[in-house]
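Computed over heavy atoms, backbone and side chain alike; hydrogens, waters and symmetry mates excluded. Just so you know, residue 1 is the first one in the sequence shown, and it goes up from there.
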Amino acid sequence: MKNIPYQTEELSHYFDKNRITWSQFYESERVIISQINPNSSQSILDIGCGCGGLGLALRDQFGINQYTGVEINEAAAKTGRGMNPNANIYCGDILDLTKMELSGKQFDIVFSLSCVDWNVQYLDMLLSAWKHVRPGGYFISTFRLTDKEGCIDMDKSYQFINYEGIKKGELASYVVLNAKELMEQIETFNPLKINAYGYWGAPSSTAVTPYKRLCFAAFSIQKRSDKDIQPIEFDLKMPSEILFNISSTA
(Lines give C-alpha, C1' and ligand atoms only; values in the text may rest on other atoms or scores of the structure.)
Protein backbone atom coordinates (compact mmCIF):
# COMPACT_ATOMS: atom_id res chain seq x y z
CA MET A 1 0.00 0.00 0.00
CA LYS A 2 1.36 3.41 -1.01
CA ASN A 3 1.55 6.41 1.29
CA ILE A 4 -1.67 8.33 1.74
CA PRO A 5 -1.68 11.79 0.08
CA TYR A 6 -3.67 13.44 2.87
CA GLN A 7 -6.32 15.84 1.55
CA THR A 8 -7.68 17.34 4.78
CA GLU A 9 -7.40 21.07 5.45
CA GLU A 10 -7.01 20.32 9.18
CA LEU A 11 -3.23 20.25 8.72
CA SER A 12 -2.93 23.74 7.25
CA HIS A 13 -5.43 25.18 9.74
CA TYR A 14 -3.45 23.79 12.68
CA PHE A 15 0.14 24.23 11.56
CA ASP A 16 -0.23 27.83 10.43
CA LYS A 17 -0.46 28.73 14.14
CA ASN A 18 1.17 25.83 15.98
CA ARG A 19 4.72 24.47 15.97
CA ILE A 20 6.06 27.64 14.42
CA THR A 21 8.05 28.91 17.42
CA TRP A 22 10.78 27.13 19.38
CA SER A 23 8.71 26.91 22.57
CA GLN A 24 5.89 25.11 20.73
CA PHE A 25 8.03 22.07 19.99
CA TYR A 26 8.10 19.09 22.34
CA GLU A 27 10.69 18.85 25.09
CA SER A 28 12.20 15.74 23.47
CA GLU A 29 12.64 17.59 20.18
CA ARG A 30 14.17 20.69 21.78
CA VAL A 31 16.63 18.60 23.81
CA ILE A 32 17.87 16.60 20.83
CA ILE A 33 18.09 19.60 18.48
CA SER A 34 19.91 21.68 21.11
CA GLN A 35 22.52 18.93 21.53
CA ILE A 36 23.43 19.36 17.87
CA ASN A 37 23.24 23.17 18.09
CA PRO A 38 22.60 23.93 14.40
CA ASN A 39 24.19 26.99 12.81
CA SER A 40 23.45 29.30 9.92
CA SER A 41 25.85 27.56 7.54
CA GLN A 42 23.95 24.27 7.67
CA SER A 43 21.32 23.08 5.21
CA ILE A 44 18.05 21.54 6.42
CA LEU A 45 15.63 19.07 4.88
CA ASP A 46 12.34 18.74 6.75
CA ILE A 47 10.27 15.72 5.68
CA GLY A 48 6.62 16.14 6.61
CA CYS A 49 7.08 19.85 7.20
CA GLY A 50 3.42 20.81 7.53
CA CYS A 51 3.42 24.57 7.03
CA GLY A 52 7.18 24.79 7.45
CA GLY A 53 7.01 25.91 11.07
CA LEU A 54 10.24 24.14 11.97
CA GLY A 55 12.04 26.34 9.47
CA LEU A 56 10.73 29.45 11.20
CA ALA A 57 11.65 28.14 14.65
CA LEU A 58 15.17 27.16 13.57
CA ARG A 59 15.65 30.53 11.90
CA ASP A 60 14.72 32.41 15.06
CA GLN A 61 16.54 30.10 17.49
CA PHE A 62 19.69 29.18 15.53
CA GLY A 63 19.85 31.51 12.52
CA ILE A 64 19.08 28.75 10.01
CA ASN A 65 18.29 30.11 6.54
CA GLN A 66 18.83 27.12 4.22
CA TYR A 67 15.55 25.30 4.72
CA THR A 68 13.87 22.82 2.37
CA GLY A 69 10.54 21.27 3.29
CA VAL A 70 8.59 18.31 1.93
CA GLU A 71 4.86 18.05 2.60
CA ILE A 72 2.42 15.55 1.13
CA ASN A 73 -0.65 17.71 1.91
CA GLU A 74 -1.16 20.33 -0.79
CA ALA A 75 -3.00 22.88 1.37
CA ALA A 76 -0.30 22.79 4.08
CA ALA A 77 2.51 23.13 1.54
CA LYS A 78 0.80 26.11 -0.09
CA THR A 79 0.26 27.80 3.29
CA GLY A 80 3.89 27.13 4.20
CA ARG A 81 5.18 28.88 1.07
CA GLY A 82 3.21 31.96 2.06
CA MET A 83 4.43 31.88 5.66
CA ASN A 84 8.09 31.44 4.73
CA PRO A 85 8.71 32.68 1.16
CA ASN A 86 12.47 32.16 1.57
CA ALA A 87 11.99 28.43 2.13
CA ASN A 88 11.97 25.83 -0.62
CA ILE A 89 8.87 23.74 0.02
CA TYR A 90 7.97 20.80 -2.21
CA CYS A 91 4.52 19.23 -2.26
CA GLY A 92 4.61 15.47 -2.66
CA ASP A 93 5.61 12.13 -1.21
CA ILE A 94 9.27 12.01 -0.16
CA LEU A 95 9.50 8.59 -1.86
CA ASP A 96 8.66 10.22 -5.20
CA LEU A 97 10.67 13.40 -4.65
CA THR A 98 13.76 11.36 -3.76
CA LYS A 99 13.68 10.02 -7.32
CA MET A 100 12.96 13.41 -8.91
CA GLU A 101 13.59 16.93 -7.55
CA LEU A 102 15.66 15.75 -4.57
CA SER A 103 17.56 13.02 -6.41
CA GLY A 104 21.16 12.85 -5.19
CA LYS A 105 20.77 15.83 -2.84
CA GLN A 106 22.16 15.63 0.69
CA PHE A 107 21.73 17.95 3.66
CA ASP A 108 23.53 18.70 6.92
CA ILE A 109 20.44 17.86 8.98
CA VAL A 110 17.40 15.89 7.83
CA PHE A 111 14.29 16.08 10.02
CA SER A 112 11.26 13.86 10.22
CA LEU A 113 9.12 14.95 13.14
CA SER A 114 5.85 12.99 13.33
CA CYS A 115 6.17 11.94 9.70
CA VAL A 116 7.76 8.54 9.05
CA ASP A 117 5.55 7.07 11.78
CA TRP A 118 2.44 8.80 10.44
CA ASN A 119 2.00 7.14 7.07
CA VAL A 120 1.92 3.69 5.54
CA GLN A 121 5.40 3.19 4.04
CA TYR A 122 7.25 3.76 7.30
CA LEU A 123 10.43 1.81 6.54
CA ASP A 124 10.75 3.12 2.98
CA MET A 125 10.55 6.70 4.26
CA LEU A 126 13.12 5.99 6.97
CA LEU A 127 15.57 4.63 4.40
CA SER A 128 14.89 7.52 2.03
CA ALA A 129 15.51 10.10 4.75
CA TRP A 130 18.84 8.51 5.64
CA LYS A 131 20.00 8.72 2.02
CA HIS A 132 19.60 12.50 2.14
CA VAL A 133 21.96 12.92 5.12
CA ARG A 134 25.46 13.96 4.11
CA PRO A 135 28.45 12.19 5.75
CA GLY A 136 28.97 13.78 9.16
CA GLY A 137 25.41 15.09 9.15
CA TYR A 138 22.42 14.17 11.28
CA PHE A 139 19.02 12.59 10.91
CA ILE A 140 16.59 13.80 13.59
CA SER A 141 13.33 11.90 13.90
CA THR A 142 10.58 11.18 16.38
CA PHE A 143 9.10 7.75 17.06
CA ARG A 144 6.38 6.15 19.17
CA LEU A 145 8.00 3.30 21.06
CA THR A 146 6.87 0.36 23.13
CA ASP A 147 8.65 -2.40 25.01
CA LYS A 148 5.91 -4.73 23.73
CA GLU A 149 5.23 -5.92 20.20
CA GLY A 150 5.04 -3.01 17.76
CA CYS A 151 2.28 -2.31 15.25
CA ILE A 152 2.56 -0.89 11.73
CA ASP A 153 -0.87 -2.18 10.64
CA MET A 154 -3.15 0.78 9.96
CA ASP A 155 -6.20 -1.43 10.45
CA LYS A 156 -5.16 -1.86 14.10
CA SER A 157 -3.48 1.46 14.90
CA TYR A 158 -4.62 4.70 13.30
CA GLN A 159 -5.38 8.33 14.12
CA PHE A 160 -8.06 10.76 13.08
CA ILE A 161 -6.55 13.97 11.72
CA ASN A 162 -8.49 16.27 14.00
CA TYR A 163 -6.98 18.89 16.30
CA GLU A 164 -10.11 19.41 18.39
CA GLY A 165 -9.69 16.02 20.06
CA ILE A 166 -12.60 14.49 18.17
CA LYS A 167 -12.41 11.06 16.54
CA LYS A 168 -13.64 12.36 13.23
CA GLY A 169 -11.96 13.16 9.92
CA GLU A 170 -9.36 11.69 7.59
CA LEU A 171 -7.35 8.76 8.94
CA ALA A 172 -3.57 8.57 9.32
CA SER A 173 -1.39 5.60 10.17
CA TYR A 174 -0.35 5.55 13.84
CA VAL A 175 2.86 3.53 13.72
CA VAL A 176 4.16 2.14 17.03
CA LEU A 177 7.56 0.47 17.03
CA ASN A 178 9.21 -2.00 19.35
CA ALA A 179 12.24 -0.15 20.70
CA LYS A 180 14.68 -3.02 20.18
CA GLU A 181 13.56 -3.57 16.59
CA LEU A 182 13.90 0.14 15.80
CA MET A 183 17.40 0.23 17.27
CA GLU A 184 18.39 -2.83 15.26
CA GLN A 185 17.17 -1.10 12.10
CA ILE A 186 19.08 2.09 12.90
CA GLU A 187 22.24 0.13 13.62
CA THR A 188 22.12 -1.33 10.09
CA PHE A 189 22.89 2.22 8.91
CA ASN A 190 26.23 1.94 10.74
CA PRO A 191 25.96 5.49 12.11
CA LEU A 192 28.63 7.25 14.13
CA LYS A 193 26.35 8.27 17.01
CA ILE A 194 22.83 7.54 18.20
CA ASN A 195 21.31 9.93 20.75
CA ALA A 196 17.76 9.63 22.05
CA TYR A 197 15.55 11.37 24.58
CA GLY A 198 12.08 10.12 25.44
CA TYR A 199 9.38 9.67 28.07
CA TRP A 200 6.14 7.80 28.68
CA GLY A 201 2.86 9.39 27.68
CA ALA A 202 -0.68 8.51 26.69
CA PRO A 203 -1.56 8.00 23.01
CA SER A 204 -3.24 10.89 21.25
CA SER A 205 -6.89 11.37 22.15
CA THR A 206 -7.73 10.97 18.46
CA ALA A 207 -5.81 7.71 18.08
CA VAL A 208 -7.31 4.22 17.98
CA THR A 209 -4.52 1.92 19.07
CA PRO A 210 -4.07 -1.12 21.33
CA TYR A 211 -1.54 0.70 23.55
CA LYS A 212 -2.32 2.41 26.86
CA ARG A 213 1.02 4.22 27.05
CA LEU A 214 3.85 4.95 24.64
CA CYS A 215 7.37 6.26 24.86
CA PHE A 216 7.55 9.41 22.76
CA ALA A 217 11.18 9.68 21.73
CA ALA A 218 13.31 11.95 19.59
CA PHE A 219 16.48 10.54 18.02
CA SER A 220 19.51 12.15 16.44
CA ILE A 221 21.55 9.77 14.30
CA GLN A 222 24.89 10.97 12.95
CA LYS A 223 26.14 9.55 9.67
CA ARG A 224 29.78 8.57 9.76
CA SER A 225 32.30 9.74 7.17
CA ASP A 226 34.93 7.49 5.59
CA LYS A 227 37.50 8.44 8.23
CA ASP A 228 35.23 7.45 11.15
CA ILE A 229 36.12 3.88 12.08
CA GLN A 230 35.23 3.82 15.78
CA PRO A 231 32.26 1.81 17.13
CA ILE A 232 28.81 3.37 17.33
CA GLU A 233 28.46 5.76 20.27
CA PHE A 234 25.19 5.68 22.22
CA ASP A 235 23.57 8.27 24.49
CA LEU A 236 20.06 7.05 25.28
CA LYS A 237 17.96 8.89 27.86
CA MET A 238 14.67 7.01 27.89
CA PRO A 239 12.53 5.09 30.42
CA SER A 240 14.18 2.08 32.03
CA GLU A 241 11.68 -0.34 30.48
CA ILE A 242 12.58 0.90 26.99
CA LEU A 243 16.31 0.68 27.68
CA PHE A 244 15.90 -2.84 29.04
CA ASN A 245 13.95 -3.80 25.93
CA ILE A 246 16.72 -2.43 23.70
CA SER A 247 19.44 -4.28 25.62
CA SER A 248 17.52 -7.55 25.84
CA THR A 249 18.91 -10.51 23.90
CA ALA A 250 15.60 -12.33 23.97
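- Scanning both residues, K2 and Q121, for their nearest heavy atoms gives CA-OE1, 3.3 Å.
- Under the side chain to side chain contact (heavy atoms under 4.5 Å, CB included) test applied with D117, the options L126, V175, I152, V176 reduce to a single match, V175.
- Atom-to-atom distance recorded for I32:CD1 and E27:CD is 11.0 Å, nearest 0.5 angstrom.
- Screening residues 32-52 for ring pair (Phe, Tyr, Trp, His ring centres under 6.0 Å), with sequence neighbours left out, gives no hits.
- Two residues are said to be in side-chain contact when any heavy atoms from C-beta on lie closer than 4.5 Å; E170 and Q7 meet this criterion.
- Atoms OG and CG, on S112 and L54 in that order, are 11.0 Å from each other to the nearest 0.5 Å.
- Identified under the ring pair (Phe, Tyr, Trp, His ring centres under 6.0 Å) test for residues 194-214, with sequence neighbours left out: none.
- Applying the salt bridge (Lys or Arg N to Asp or Glu O under 4.0 Å) criterion to E184, with sequence neighbours excluded, gives K180.
- Hydrophobic side-chain contacts under 4.5 Å tie F244 to no other Ile, Leu, Val, Met, Phe, Trp or Tyr residue.
- Counting Ile, Leu, Val, Met, Phe, Trp and Tyr side chains that sit under 4.5 Å apart, directly or through other members, I20 shares a hydrophobic cluster with L56, M83.
- Residues I232 and P191 come closest through the heavy atom pair CG1-O, 3.2 Å.
- The shortest non-hydrogen separation linking H132 to T98 is NE2-OG1, 3.0 Å.
- Residues that satisfy the ring pair (Phe, Tyr, Trp, His ring centres under 6.0 Å) test with F143, not counting sequence neighbours, are F219.
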Check the pair T188, Q185 against side-chain hydrogen bond (donor to acceptor under 3.5 Å, both in side chains), reporting the backbone distance first and the verdict last. CA-CA 5 Å; T188 67; Q185 177 62 54; 3.3 Å; yes
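- Summarising the geometry of Q159 relative to S204, their closest heavy-atom pair is NE2-OG, 3.0 Å, with the distance given to 0.1 Å.
- Side chains of S225 and D228: a donor on one and an acceptor on the other come within 3.5 Å.
- Pairs passing the side chain to side chain donor-acceptor pair (under 3.5 Å) check and including a residue from residues 229-238, sequence neighbours excluded, read D235-K237.
- Judged as a ring pair (Phe, Tyr, Trp, His ring centres under 6.0 Å), the pairs with a partner in residues 49-103 (not counting sequence neighbours) are, in order, W22-F62.
- Heavy atoms from other residues, nucleotides or ligands lying under 6.0 Å from CD1 of I166 number more than 12.
- With sequence neighbours left out, D108 forms a salt bridge (Lys or Arg N to Asp or Glu O under 4.0 Å) with R134.
- Partners of F189 by ring pair (Phe, Tyr, Trp, His ring centres under 6.0 Å), not counting sequence neighbours, listed by chain and number: W130.
- Every pair tested for side chain to side chain donor-acceptor pair (under 3.5 Å) that includes a residue from residues 50-65 fails, sequence neighbours excluded, so the list is empty.
- Here I161 sits in one hydrophobic cluster together with M1, I4, Y6, L11, Y14, F15, I72, W118, V120, M154, Y158, F160, Y163, L171, V208; the rule is ILVMFWY side chains under 4.5 Å apart, joined directly or through other members.
- Looking only at side-chain heavy atoms (C-beta outward), L58 and I33 come within less than 4.5 Å of each other.
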